[in-house]
Amino acid sequence: MSKKTYNIALLPGDGTGPEVLREGIKVLDAAAAKYNFTINYTSYDLGGERYLKTGETLPDSVIEEVRKTDSIFLGAIGHPDVKPGILEVGILLKMRFALDQYINLRPVKLYPGVETPLKDKGPADIDFVVVRENTGGIYTGLGGAVQVGTPHEIATQVMVYSRPVVERCIRYAYEYTRKRNKRKQLTLVHKMNVLTWAGDLWHRVFSEMGNEQYPDIKQDYNHVDACNMWFVKSPEFYDVIVTENLFGDIITDLGAMIQGGLGIAAGGNINPEGVSMFEPMGGSAPKYTGKNVINPLAAICAGGMMLETLGENEAAKAIDEAVSNTLASGKIKNLAAGRMGMGTSEVGDLIALKI
Ligand code: IPM
Ligand code: MN
């Protein structure tokens, strides 16, 4: 049988993005060699530098090319000389919408040997996954402003959800909970006590679908504000969480902190029927650029998530175990940039070697 080949689009992006992506690729290549598949990479130059030079963010021609790939691997987007919002909306959100990446998958997992700010909590307590709806809600961009600059100025930004958009997200979350096969518990996070219409839609879809199609999954519900408290007080309570876009954006940053920080937090923008994009959650960290001090583990973990989504489950598991064992060994002193006790490329070497 001929070797399976994957075509991956690389978006190294800005700042430390290219450095962390390089280590992610190193580990992907090690996994490919061991598990007998091939990866072809095509790199696309997007980000702040290109925008400042040409005014382009994400050209349609690039969208059409990446649409034909198996997956996208992103470093970081963000440039100190570009006004906030331009690159985020023009590249990241545009890609999510164009490729209909309607799930944002964010594992919150404390690896052994990693310090969490939560007192008395360990790896057994912090191991859950957030399924964030990734294209709807307030991010849809419906709304507007009138009489701007006057004392009567009005601005709206609407939390829009259609039933099908809610359904496909909740279905993904139930399926994921079943496949994860841990506590088989799915927690819906919303704000039903105030957002009575939108919350009611989410909750009805959640319970109807759960009762009819997923009787093996325990249903649970948290208000989003309470969920924040529980992340800190009792994270062991969670298995899988499903939530709307903005709430998911907010709780996953807290999730990143309790798992040890942005150095280790990875995420996937997933279209289960199409092309997905995987990324470390940390930004472009301009002040660390080119210094070989940034932590590449989040990018390495994002690469693992990519392989899992492509169906290379064994290779994905090998990456996760290599990260876990390396961290447990205590060789990497700290997850923060400049405090790892080794350089960016040495961390990549260590993980690749373990594979
Ligand atoms: C994230 C980011 C993005 C979001 C920004 C950069 C547009 O915060 O991926 O969580 O809000 O979704
Ligand atoms: Mn965010």
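Order of listing sets the numbers, starting from 1, for every ligand and every atom in it. Everything numeric here is computed off the predicted structure, so don't read it as measured data.
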Sub-4.0 Å heavy-atom contact, Arg106 with ligand 1: no
Salt bridge present between Glu236 and Lys121 (N-O < 4.0 angstrom): yes
Quick one: does ligand 1 sit under 4.0 Å from the side chain of Arg96, the backbone, both or neither, non-hydrogen atoms only? side chain
Near Arg132, which atoms of ligand 1 are under 4.0 Å from a heavy atom of that residue? 1 (C), 4 (C), 10 (O), 11 (O), 12 (O)
State whether the shortest distance between N or O atoms of Glu88 and N or O atoms of ligand 1 falls below 3.5 angstrom. no
Is a salt bridge present between Lys218 and Asp239, judged by a nitrogen-to-oxygen distance below 4.0 Å? no
Closest N/O/S atom of Asp249 to the Mn ion (ligand 2), by atom name? OD1
Cation-pi between Arg204 and Tyr221: NZ/CZ under 6.0 Å from ring centre and within 45° of the ring axis? no
Numbered atoms of ligand 1 (with element) below 4.0 Å of Tyr139, judged on heavy atoms: 4 (C), 11 (O), 12 (O)
Evaluating non-hydrogen atoms only, which member of Leu87, Asp249, Asn104 is closest to atom 2 (C) of ligand 1? Asp249
Cation-pi geometry met for Arg178 and Tyr214 (6.0 Å, 45°): no
Is it the case that the ring center of Tyr238 lies less than 6.0 angstrom away from the ring center of Trp230? no
Pairing donors with acceptors under 3.5 angstrom, does anything connect the side chains of His190 and Glu244? no
